[in-house]
2 protein chains.
Amino acid sequence: MNKKTPKQYEARAKVVKALAHPSRLLMLDLLQQQEMNVRELTIEVEADQSTVSKHLAILKEVGLVEVRKEGAMSYYRVACGCLSGFFSCIEAVLQSDLKDRQESMQ
Amino acid sequence: MNKKTPKQYEARAKVVKALAHPSRLLMLDLLQQQEMNVRELTIEVEADQSTVSKHLAILKEVGLVEVRKEGAMSYYRVACGCLSGFFSCIEAVLQSDLKDRQESMQ
DNA sequence: TTAAAATATGGTAAAATTACCATATTACCA
DNA sequence: TGGTAATATGGTAATTTTACCATATTTTAA
């Protein structure tokens, strides 16, 4: 087991931070199914266009999504194949924690 | 593909937020190998004991770690088996993003 | 060339996160 | 009982994050 440096944990944390917002999780969920442009995502997220654009910049900055320009439009897509496993883990934590809470109420 | 509610994304985000800090990532890394008490973790993290205690409370709140009391000491351990897959994904994002940046410099 | 559509970005106020200090609480031991 | 060790928690200042408005930039169409 190799010892990691603080820098490495900071790099990891930066990626995790990019994932740590409800709207960005929703966008990634949508983008996993198909690429979408900013206008389409803005409708789904129900926030200001500038807000969605900034969320996308955060995801792009850490390499979670990629862009393809088509005319005036920007089509975004997920850039890594491991996200579904990622979400499964989060979901598992939520489920087991729910179970724990139910058991502790008996 | 089931449509998810805003509440569900908020619940997910809460778990991801708990993961989104360098010190907490380090602690989870350590706790994956063996359970540790607060004093031991405090030494590793190199922060105030109260700071570490609060980090642990955040991880516990969302069900990522569990505690076992032994006298005056609290031994913490990881509460889900999927974390290594989680970290592999983060690591993959970091690696591919690094590669992208290198390629774009050519 | 103007106008409109699509996206990105600067600015800013509000909210959330973070770290440390001080201190409370609990357990153990002399 | 008094003292110490281990942990948790309240308070607070500093930092970070967030959302929206206003506006800049780019592209397409009239």
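Quick caveat: nothing in here was measured; it's all calculated off a predicted structure. Reminder, nothing fancy here: chain letters follow the sequence lines and each chain counts from 1.
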Considering every strand and a 4.0 Å limit on heavy-atom distances, what is the contact class for A:Thr51: base, sugar-phosphate, or nothing? base

Within a 6.0 Å radius of atom CD on B:Glu46, are there more than 12 heavy atoms belonging to other residues, nucleotides or ligands? no

Using heavy-atom distances to pick each residue's nearest nucleotide on DNA chain D, tell me which of B:Ser53 and A:Ala72 is more 5'. B:Ser53

Side chains of A:Gln49 and A:Arg39: does their closest heavy-atom pair fall under 4.5 Å? no

Please tell me which of B:Ala47 and A:Arg39 maps to the more 5' nucleotide of DNA chain C, matching each residue to the nucleotide holding its nearest heavy atom. A:Arg39

Euclidean distance, atom CG of residue A:Leu41 to atom C1' of C:dA6 [Å, nearest integer]: 13 Å

Using heavy-atom distances to pick each residue's nearest nucleotide on DNA chain C, tell me which of A:Val38 and B:Ile58 is more 5'. A:Val38

Which nucleotide in C:dT18, D:dT18, C:dC21 has an atom nearest any side-chain atom of B:Asp48: C:dC21

Is there a side-chain polar atom (N or O) of B:His55 under 4.0 Å from OP1 or OP2 of C:dT17? no

What's the spacing between A:Leu59 CG and A:Tyr76 OH if we round to 0.5 Å? 9.0 Å

Whole-Å distance separating the CD atom of A:Glu70 from the C1' atom of D:dT27: 12 Å

Are the side chains of A:Glu91 and A:Gln95 in touch, meaning some heavy atoms are under 4.5 Å apart? yes

Do the non-hydrogen side-chain atoms of A:Ile90 and B:Leu19 ever get within less than 4.5 Å of each other? yes

A:Asn37 versus A:Glu70: any side-chain heavy-atom pair under 4.5 Å? no

Using a 4.0 Å heavy-atom cut-off, does A:Tyr75 contact any base of the nucleic acid, only the sugar-phosphate backbone, or nothing at all? nothing

Please report, rounded to the nearest Å, how far the P atom of C:dT18 is from the CE atom of B:Met27. 11 Å

Heavy atoms under 4.0 Å is the rule here; annotate nucleotides 10-16 of chain C 5' to 3' with B where the base is hit, S where only the sugar-phosphate is, and - elsewhere. BB-----

Are B:Met36 and B:Met27 side-chain neighbours, meaning at least one heavy-atom pair lies under 4.5 Å? no

Whom does C:dA30 pair with, Watson-Crick or G-U wobble, provided both distances fall under 3.5 Å? D:dT1

Length of the NZ-P vector between B:Lys14 and C:dT17, whole Å: 10 Å

Does D:dA6 have OP1 or OP2 sitting under 4.0 Å from an N or O in the side chain of B:Tyr76? no

Taken to the nearest whole Å, CD/B:Glu35 to P/D:dT7 is 12 Å

For a quick check, tell me whether the side chain of A:Gln49 and the base of C:dA6 share a donor-acceptor pair closer than 3.5 Å. no

First locate atom OG of A:Ser84, then atom CG of A:Leu28, and finally report the distance between them rounded to the nearest 0.5 Å. 12.0 Å

In whole angstroms, the gap separating P of C:dA6 from CZ of A:Arg68 amounts to 16 Å

Nearest whole angstrom, please: distance from the P of D:dT26 to the NZ of A:Lys69. 10 Å

Between C:dT9 (P) and A:Glu61 (CD): distance, integer Å: 11 Å

